[in-house]
2 protein chains.
Amino acid sequence: MQTDRQKEIISVSLDLISEKGIQGLTIKNLAQRIGITEPAIYRHYENKIQILLAILEVFRKNTVLVFDQEVGLKGTAIEKIEHIFKNQFRILAETPQLVAVIFSEEIFRNEPLLMERIGAIMDQINQAISGILKEGQERKEIRSDVGASHLAIMIMGGLRLFVKRWQMKDFAFDLIAEGASFLQTVKKIISKTQ
Amino acid sequence: MQTDRQKEIISVSLDLISEKGIQGLTIKNLAQRIGITEPAIYRHYENKIQILLAILEVFRKNTVLVFDQEVGLKGTAIEKIEHIFKNQFRILAETPQLVAVIFSEEIFRNEPLLMERIGAIMDQINQAISGILKEGQERKEIRSDVGASHLAIMIMGGLRLFVKRWQMKDFAFDLIAEGASFLQTVKKIISKTQ
DNA sequence: TGGAAGTTAGTTAATATATACTAACTTTGT
DNA sequence: ACAAAGTTAGTATATATTAACTAACTTCCA
């Protein structure tokens, strides 16, 4: 359902965003990088918003879907959170272009459709994490002295800021290795003390 | 050192950013809102970057300076964190326009000067919080089973995401009240269990 | 089976609009 | 009277998008 050229457009778009920020994603830059003219882009996507929506879809596939899948699996809440973190770090290490998309809320402010879409994605992420934590609380794996939704905010907020720092340091440290260390802290924090 | 008109330009800029995102901050919008013409803006600021730098300065005054001041005071680490959170929630509730600035990293990507400035601010915040936590660990007020810098990331990340959600819900809930509740969670998480 | 018709993916050229910024002149307040 | 702060009218550049056209294919049917 996605042609090769469409895939190429999205892939190059991610590169541009990652290199120069969202401001670097212009039809001109896009066409130039691919090696076709600007109007040719419109043979493959109706307009720029459709391209941005496709980018958000890549992001969704790499986060929400992975999260939701995790919720249904067996295993302790801690194991699930561990899986999610490791997956997330692995995906971002493989595709650092996505980092800019994670923090794209402010950029899409002018397009209601994009705003709504990203809001929905963030809600879904929060619900998935909250759900895992609540189940963990019932099973006495996760501390119950604090609300699951507050814990979820701290977990996701911590993950986001951790990744942001990696980006701001030009991806200079090993996200997977340092991330594993950070994950240990998260696990200690959410675990029930015995 | 700042004229009335300069203050007005910054204040209106913050309004515009808060309403329509950074993309809404154009010289045209700015002039229109103030009720003067575009060239008149340049009587007060050399160029747009100077305006953005002044905005970052407002942000810095409301975060880093407040944080640093807190570090030097007496009181437990928990009390200091509590102060910082409450101050932060109060400032943002009074000046919701600042929320957009907190998350402006992605927007300033094209301007190296602005990027550097915001990176420095984020580092300073992290150092202030880390410092408070480390002292708290030495005094056995803060849990020592996890690193202070990891804790700092979770605290700031949580705070940021909490505020982001407030913004995405159009400032619909009471930040100060809900924030106080969130703060309780943060306090429990960083405290030494007795 | 071979030509008419249609499709795909590209081109060049142009358009409308937005944006930051400037030059030259005018108003205004002390 | 003069400097600060304003105006009008303009520039250069960027940006998304459209119009008109073309070369190279695929499909369809007499």
Side-chain angles (χ1 to χ4, degrees), chain A residues 1-56 100-101 104 106-115 117, chain B residues 1-56 100-101 104 106-115 117:
Chain A
M1 36 161 248
Q2 240 194 344
T3 64
D4 285 355
R5 205 16 73 93
Q6 280 179 322
K7 282 179 201 156
E8 189 182 9
I9 288 173
I10 299 309
S11 156
V12 171
S13 291
L14 282 169
D15 287 344
L16 286 170
I17 290 172
S18 145
E19 284 166 34
K20 312 177 197 179
I22 282 276
Q23 323 234 26
L25 175 57
T26 63
I27 302 295
K28 188 178 186 175
N29 286 348
L30 201 46
Q32 233 161 38
R33 181 73 64 99
I34 291 175
I36 56 178
T37 59
E38 294 166 56
I41 299 289
Y42 292 89
R43 293 282 168 212
H44 306 279
Y45 281 101
E46 201 191 331
N47 52 41
K48 196 179 169 181
I49 291 182
Q50 302 309 314
I51 295 175
L52 290 166
L53 284 174
I55 290 172
L56 277 188
V101 181
S104 57
E106 192 57 32
I107 289 142
F108 295 148
R109 277 282 283 282
N110 43 342
E111 269 312 319
L113 191 60
L114 294 169
M115 268 294 275
R117 196 67 62 99
Chain B
M1 35 156 247
Q2 241 194 343
T3 65
D4 285 355
R5 198 27 67 92
Q6 280 178 322
K7 282 178 200 155
E8 190 183 8
I9 288 173
I10 299 310
S11 157
V12 172
S13 291
L14 282 168
D15 287 343
L16 286 170
I17 290 172
S18 147
E19 285 166 35
K20 313 178 198 177
I22 282 277
Q23 323 234 27
L25 176 56
T26 65
I27 303 295
K28 188 176 187 178
N29 286 349
L30 200 47
Q32 232 160 37
R33 181 71 64 98
I34 292 175
I36 56 178
T37 58
E38 294 166 55
I41 299 289
Y42 293 90
R43 295 278 172 212
H44 306 278
Y45 281 101
E46 201 190 331
N47 53 41
K48 194 178 169 181
I49 292 182
Q50 302 309 314
I51 295 175
L52 290 166
L53 284 173
I55 289 171
L56 277 187
V101 181
S104 56
E106 192 57 33
I107 289 142
F108 295 148
R109 277 282 283 280
N110 45 341
E111 268 312 318
L113 190 59
L114 295 170
M115 266 295 275
R117 196 69 61 98

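Naming convention: chains lettered A, B, ... in sequence-line order (proteins, then strands); numbering from 1 in each chain.
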Just how far, in rounded Å, is [atom2] of [N] from [atom1] of [X]?
X        : N       : atom1 : atom2 : result
Tyr45(B) : dC21(C) : OH    : P     : 14 Å
Ile41(B) : dT7(D)  : CD1   : C1'   : 13 Å
Asp4(B)  : dA5(D)  : CG    : P     : 10 Å
Leu30(A) : dA14(D) : CG    : C1'   : 16 Å
Asn29(A) : dT17(D) : CG    : C1'   : 16 Å
Gln23(B) : dA18(C) : CD    : C1'   : 12 Å
Ile36(A) : dA23(D) : CD1   : C1'   : 16 Å
Asn47(A) : dT17(D) : CG    : P     : 5 Å

Side chain of [X] (C-beta onward), nearest among [options]:
X        : options                   : value
Pro39(B) : dT8(D), dT11(C), dA9(C)   : dT8(D)
Tyr42(A) : dA16(D), dG10(C), dT8(D)  : dA16(D)
Ile27(A) : dA16(D), dA19(D), dA20(C) : dA16(D)
Glu38(B) : dG10(C), dA20(C), dA23(C) : dA20(C)
Arg43(A) : dA19(D), dA24(C), dA20(D) : dA20(D)
Lys48(A) : dA20(D), dT17(D), dT22(C) : dT17(D)

Using a cut-off of less than 4.0 Å, is there contact between a side-chain N or O of [X] and OP1 or OP2 of [N]?
X        : N       : result
Thr37(A) : dG10(C) : no
Arg5(B)  : dA4(D)  : no
His44(A) : dT8(C)  : no

- Message: Working to the nearest 0.5 angstrom, can you tell me the gap between Arg5(B) CZ and Arg43(B) CZ?
- Response: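 Atom-to-atom, Arg5(B):CZ and Arg43(B):CZ are 13.0 Å apart.
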
Inset, instruction - Could you tell me the separation between the OG1 atom of Thr26(A) and the NZ atom of Lys20(A), rounded to the nearest 0.5 Å? - result: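 If I round to the nearest 0.5 Å, the distance is 7.5 Å.
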
With side chains defined as the heavy atoms from C-beta onward, is the minimum distance between Glu19(B) and Arg33(B) less than 4.5 Å?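 Counting from C-beta outward, Glu19(B) and Arg33(B) do come under 4.5 Å.
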
TODO: Of all the heavy-atom pairs spanning Gln6(A) and Met1(A), show the shortest one and how long it is.
DONE: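 Scanning both residues completely, I find the closest heavy atoms to be OE1-O, 3.8 Å.
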
**Asked** Thr26(A) near the nucleic acid: base, sugar-phosphate alone, or nothing, with a heavy-atom cut-off under 4.0 Å?
**Response**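 Since only primed, P, OP1 and OP2 atoms lie under 4.0 Å of Thr26(A), the category is sugar-phosphate.
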
Quiz item: Side chain of Asn47(A), backbone of Gln50(A): donor and acceptor closer than 3.5 Å?
Solution: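 Pair found, side chain donor or acceptor close to backbone of Gln50(A).
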
